[in-house]
2 protein chains.
Amino acid sequence: MSLAQIRYFVAVAEEGNVGRAAERLHIAQPPVSRQIRALEDEIGTPLFVRTPRGMQLLPSGRAFLDRARQILSAVDEASAAAKSAATGTPSWPTKPIYRRRNQRSER
Amino acid sequence: MSLAQIRYFVAVAEEGNVGRAAERLHIAQPPVSRQIRALEDEIGTPLFVRTPRGMQLLPSGRAFLDRARQILSAVDEASAAAKSAATGTPSWPTKPIYRRRNQRSER
DNA sequence: AATCCAGCATACCAAAACGGTATTGGACGC
DNA sequence: GCGTCCAATACCGTTTTGGTATGCTGGATT
């Protein structure tokens, strides 16, 4: 399970439609479709019913959705919390021990 | 930010040592080192001080650690919640709409 | 009931991310 | 100064991910 899969899932759940979810995520439709499938495979239970009108949440999907949103906000809060705890903390230790060396790309 | 990065971070924070964290994660040391670095780059602030004795958490790191643990348990709970909500739900809708077609591997 | 259409699934390929091995760089203790 | 302990970097092969093109399904329309 990856954060991307969780984000895709939330988008599909909210849009009820893979195509529109993909648009909202600024990626193509097939990757979203595949990741949703992979997510269902991994947790071992389907989360949606596929209909010709789109994707409809199953009870399992609704249960998952709650936690999924919780995870995504915790992720946002995590980096915000780290940053706010770092205010006043120098970006590098005043007495560097392992100095950061040159690097050619940020990968 | 990925779930792997978060898991690596927790391991390093708890071991205070990249090498041992790697061992505990059953992967090599350099990937852990790189992912921790990437995480710090992404959130924009260092989380550890590097010393010749190992890695020491900064205040930002302690703040991050709380949320990180929260995220990891929410991930576990998410799939458990979906599975438990699925009990009694047939694995496939009784009246299939989009039937799942053959596939050669589970990827 | 044949056709059309909306929408998810699959095949195939290219690009990016990831992990492993080997090696370097850096600080501390003797 | 030399050895040791650790983290960082270089480099490479593998895996994962996303994109494009296309197929398949079932309801709606007439």
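Just so we're on the same page: letters track the sequence lines, and every chain starts at 1.
- Taking 4.0 angstrom as the limit, Gln29(B) places none of its side-chain polar atoms (N or O) nearer than this to OP1 or OP2 of dG19(C).
- Set against dA8(D), dG20(C), dT20(D), the side chain of Ala28(A) has dT20(D) as its closest nucleotide.
- In the interface, the side chain of Arg53(A) is not paired with the base of dG26(D) through any donor and acceptor atom under 3.5 Å apart.
- Here the P atom of nucleotide dG19(C) and the CD1 atom of Ile36(B) are 12 Å apart, to the nearest Å.
- Regarding Glu40(A), its CD atom lies at a distance of 8 Å from the P atom of dA9(C), rounded to whole Å.
- Tyr8(A) pairs by the ring-ring contact (aromatic ring centres under 6.0 Å, His included) definition with nothing, not counting sequence neighbours.
- Of the listed nucleotides (dA7(D), dT21(C), dG27(D)), dG27(D) has the atom at the smallest distance from the side chain of Pro52(A).
- Rounded to whole angstrom, the span from the CG atom of Asp41(A) across to the P atom of dA9(C) amounts to 11 Å.
- For residues 12-25 of chain A, every residue pair satisfying the salt bridge (Lys or Arg N to Asp or Glu O under 4.0 Å) rule, not counting sequence neighbours, is listed here: Glu14(A)-Arg24(A), Glu14(A)-Arg69(A), Glu15(A)-Arg20(A), Glu15(A)-Arg24(A).
- The phosphate of dG7(C) (OP1 or OP2) has no side-chain N or O of Arg50(A) nearer than 4.0 angstrom.
- Taking Gln70(B) as the reference, Arg67(B) meet the side chain to side chain contact (heavy atoms under 4.5 Å, CB included) condition, with sequence neighbours excluded.
- Atoms NZ and OG, from Lys83(B) and Ser60(A) in turn, are 11.5 Å apart once rounded to the nearest 0.5 Å.
- Checking the phosphate oxygens (OP1, OP2) of dG18(D), no side-chain nitrogen or oxygen of Arg34(A) falls inside 4.0 Å.
- Rounded to whole angstrom, the span from the CD atom of Gln35(A) across to the P atom of dA9(C) amounts to 13 Å.
- In this structure, the side chain to side chain contact (heavy atoms under 4.5 Å, CB included) partners of Ala81(B), at least two apart in sequence or on a different chain, are Ala63(A).
- Applying the ring-ring contact (aromatic ring centres under 6.0 Å, His included) rule to pairs touching residues 16-36 of chain B yields nothing, sequence neighbours excluded.
- For the segment residues 2-27 of chain B, the set of residues with a heavy atom within less than 4.0 Å of an atom of DNA chain C comprises Tyr8(B), Ile27(B), in numerical order.
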